[in-house]
2 protein chains.
Amino acid sequence: MQFSKSTDYALHALVHLGNSERCNNVGIKELAGALGVSESYLSKIMSKLRQDGIVRAVTGVNGGYELARSADQITFLDVIQVIEGRQQLYECSNTSSRQHQFLAEEAAVQPDQKRLNENVCLIEKVMYGAEQQLYQYLRGHTIQSVLDEAFKRWTHKEDKK
Amino acid sequence: MQFSKSTDYALHALVHLGNSERCNNVGIKELAGALGVSESYLSKIMSKLRQDGIVRAVTGVNGGYELARSADQITFLDVIQVIEGRQQLYECSNTSSRQHQFLAEEAAVQPDQKRLNENVCLIEKVMYGAEQQLYQYLRGHTIQSVLDEAFKRWTHKEDKK
DNA sequence: TCTATCATGGACATCAAAGGTCTATAATGA
DNA sequence: TCATTATAGACCTTTGATGTCCATGATAGA
């Protein structure tokens, strides 16, 4: 299990956009050059980010991309879910097996969900908890927080000179 | 990004072994039957678990598998790392790009590691933190904890009758 | 010792997804 | 109108997950 390269590209691209915060757009050429990846492939990724409202895009001369909202409103989780999808990290594959029957439990009745008597595998329950831990952390880190950290590091280097 | 079915099978198999705790081994036939998966494929997975010391195997008549240590000494993380491997969840793919140079920092000197001047990408740093969160949680849950939960659930149902 | 049972390991097949390229199209500013 | 720029779809290649099959080796019991 690993995050895809696309996620890597997306995060780096967004940091780049966040850094060149002036109002002019950043073209795919500059972006791809900075990341060391083909324009072709990166543009697919940027399209996805646009469709999910993470960035805005302008076509035509002097067009390009910019963040659709401020960098501190774009969390790592936002980006990852756009690129990797929103399926659960873990799902019980054989819900009809004897093993599953043993581990399943009657889920607590959720009136607002109207899904009664749903069986929840206890293994899945643990994995779901783990997923929530991961998401919690990723929700707490934004593109801006990376920029802040980079800036702090940079000024610190200057001090030492 | 998702956990593989193999991980699903491995976890369920281990719970099964943990549940039939009597000293006799459990054959691949019983195991595969309980999980609803082919003996062929499951045996590969069990082999992996054996190679990593999670289970013991006995060949020949009346042979089969048993846990190599007590169920409360087998964490979810143990199992997942055997099956999914131990690579990082996220790695910066383009360490030579301009973008990366901007985000990299001189890693703190680790005398015991003897790796000086290693650049660590700030994005990777966040993702590494996320990974540690996930692992922390998975370390805290064992095969035994699932069995306990199942038992508790079961007796609770009995009470209601 | 023979045989049925059981795990092991390698070779192989299949399939879906990741990763990547190319081209036609549409939008836009000069 | 023309050069520029993003978009969307078709297409390709590689990789890894999933799965099967078979030869081999170990073991207990007859």
Side-chain angles (χ1 to χ4, degrees), chain A residues 1-10 12-13 17 23-33 35-68 80 82-87 89-91 93-94, chain B residues 1-10 12-13 17 23-33 35-68 80 82-87 89-91 93-94:
Chain A
M1 190 182 61
Q2 252 191 324
F3 287 102
S4 66
K5 285 194 179 187
S6 294
T7 293
D8 180 285
Y9 296 151
H12 278 84
L17 292 183
C23 283
N24 61 345
N25 297 316
V26 178
I28 195 71
K29 202 160 190 166
E30 175 181 337
L31 221 41
L35 303 198
V37 59
S38 82
E39 302 174 23
S40 207
Y41 192 44
L42 186 57
S43 66
K44 300 248 144 166
I45 295 166
M46 297 309 295
S47 274
K48 261 193 186 173
L49 292 174
R50 183 188 59 84
Q51 283 165 14
D52 266 68
I54 308 282
V55 302
R56 269 191 295 268
V58 177
T59 59
V61 180
N62 296 327
Y65 302 94
E66 62 176 349
L67 298 185
I80 286 167
V82 169
I83 304 298
E84 306 277 342
R86 288 178 169 80
Q87 358 76 5
L89 238 51
Y90 177 93
E91 281 175 274
S93 56
N94 48 343
Chain B
M1 189 181 64
Q2 251 192 325
F3 287 102
S4 66
K5 285 195 177 185
S6 293
T7 293
D8 180 285
Y9 296 153
H12 278 84
L17 291 184
C23 283
N24 61 345
N25 296 317
V26 177
I28 194 70
K29 201 159 191 166
E30 175 181 336
L31 221 41
L35 304 198
V37 58
S38 82
E39 302 174 24
S40 207
Y41 193 46
L42 186 57
S43 67
K44 301 252 142 161
I45 295 166
M46 297 309 294
S47 274
K48 261 193 185 173
L49 292 174
R50 184 187 61 83
Q51 283 165 14
D52 266 68
I54 308 281
V55 302
R56 270 191 294 266
V58 177
T59 59
V61 180
N62 295 329
Y65 303 94
E66 61 176 349
L67 299 184
I80 286 167
V82 169
I83 304 297
E84 305 277 340
R86 288 178 171 78
Q87 358 76 3
L89 236 52
Y90 176 92
E91 281 176 273
S93 55
N94 48 343

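The chains referred to below are lettered A, B, ... by the order of the sequence lines, with proteins before strands, and numbering in each begins at 1.
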**OP:** Map B/Ala57 and A/Ser4 onto DNA chain C by nearest heavy atom, then report which one ends up closer to the 5' terminus.
**Re:** B/Ala57

Original post:
Do A/Ser4 and A/Tyr9 get their side chains close enough for a donor-acceptor pair, meaning under 3.5 Å?
Top reply: no

**OP:** Report the residue (A/Gly60 or A/Ser38) whose heavy-atom-nearest nucleotide on DNA chain C is the more 5′ of the two.
**Re:** A/Ser38

Subject >> Whole-Å distance separating the CG atom of B/Asn25 from the C1' atom of D/dA26 >> reply: 14 Å

**OP:** Scan A/Val58 against the nucleic acid and name what it touches under 4.0 Å (heavy atoms): base, sugar-phosphate only, or nothing.
**Re:** sugar-phosphate

Original post:
Is there a side-chain polar atom (N or O) of B/Tyr41 under 4.0 Å from OP1 or OP2 of C/dG9?
Top reply: no

Subject >> Under-4.0 Å side-chain N/O to phosphate OP1/OP2 contact, A/Ser47 with D/dA6 >> reply: no

Subject >> N or O in side chain of A/Arg50 less than 4.0 angstrom from D/dT5 OP1/OP2 >> reply: no

Original post:
Between D/dT18 atom C1' and B/Lys48 atom NZ, what is the distance in whole Å?
Top reply: 11 Å

**OP:** Remember a base hit wins even if backbone is also touched, and classify A/Gln51 as base, sugar-phosphate or nothing at under 4.0 Å, heavy atoms.
**Re:** sugar-phosphate

Original post:
With respect to the side chain of A/Tyr9, which nucleotide from C/dA27, C/dT8, C/dG20 is positioned closest?
Top reply: C/dG20

Subject >> Any B/Leu89 side-chain heavy atom under 4.5 Å of A/Met1 side chain >> reply: yes

Original post:
Within this structure, what is the CD1-to-P distance between A/Ile28 and D/dT7, rounded to whole angstrom?
Top reply: 8 Å

Subject >> d(CG, B/Asn62; P, D/dT27) in whole Å >> reply: 13 Å

**OP:** Using heavy atoms to find the nearest nucleotide of DNA chain D for A/Lys44 and A/Gly63 separately, return the residue whose nucleotide is more 5′.
**Re:** A/Gly63

**OP:** Report the residue from A/Val37, A/Leu35, A/Asp8 that forms a side chain to side chain contact (heavy atoms under 4.5 Å, CB included) with B/Ser93.
**Re:** A/Asp8

Original post:
What's the CD-P distance between B/Glu91 and C/dA18, to the nearest Å?
Top reply: 18 Å

Original post:
With a 4.0 Å cut-off on heavy atoms, is A/Ser40 in touch with a base, just the backbone sugar-phosphate, or nothing at all?
Top reply: base

**OP:** Evaluate the side-chain proximity of B/Thr7 to B/Val82: yes if any heavy-atom separation is below 4.5 Å, no if none is.
**Re:** no

**OP:** Determine the contact category for A/Glu39: base if any of its heavy atoms lies under 4.0 Å from a base atom, sugar-phosphate if only primed atoms, P, OP1 or OP2 are that close, otherwise nothing.
**Re:** nothing

Original post:
In whole angstrom, what separates B/Leu17's CG from C/dA7's P?
Top reply: 11 Å

Subject >> Least distance between heavy atoms, A/Ser6 atom then A/Tyr41 atom >> reply: OG-OH, 3.0 Å

Original post:
How close or far is atom P of D/dA17 from atom NZ of B/Lys5, stated in whole angstroms?
Top reply: 14 Å

Subject >> Distance, rounded to the nearest Å, where B/Leu42 contributes CG and D/dA17 contributes C1' >> reply: 16 Å

Subject >> Those residues that, when tested against A/Thr59, pass side chain to side chain contact (heavy atoms under 4.5 Å, CB included) (two or more places apart) >> reply: none

Original post:
Checking all strands, does A/Phe3 fall into the base, sugar-phosphate, or nothing category for heavy-atom contacts under 4.0 angstrom?
Top reply: nothing

Subject >> Under-4.0 Å side-chain N/O to phosphate OP1/OP2 contact, A/Ser6 with C/dA18 >> reply: no

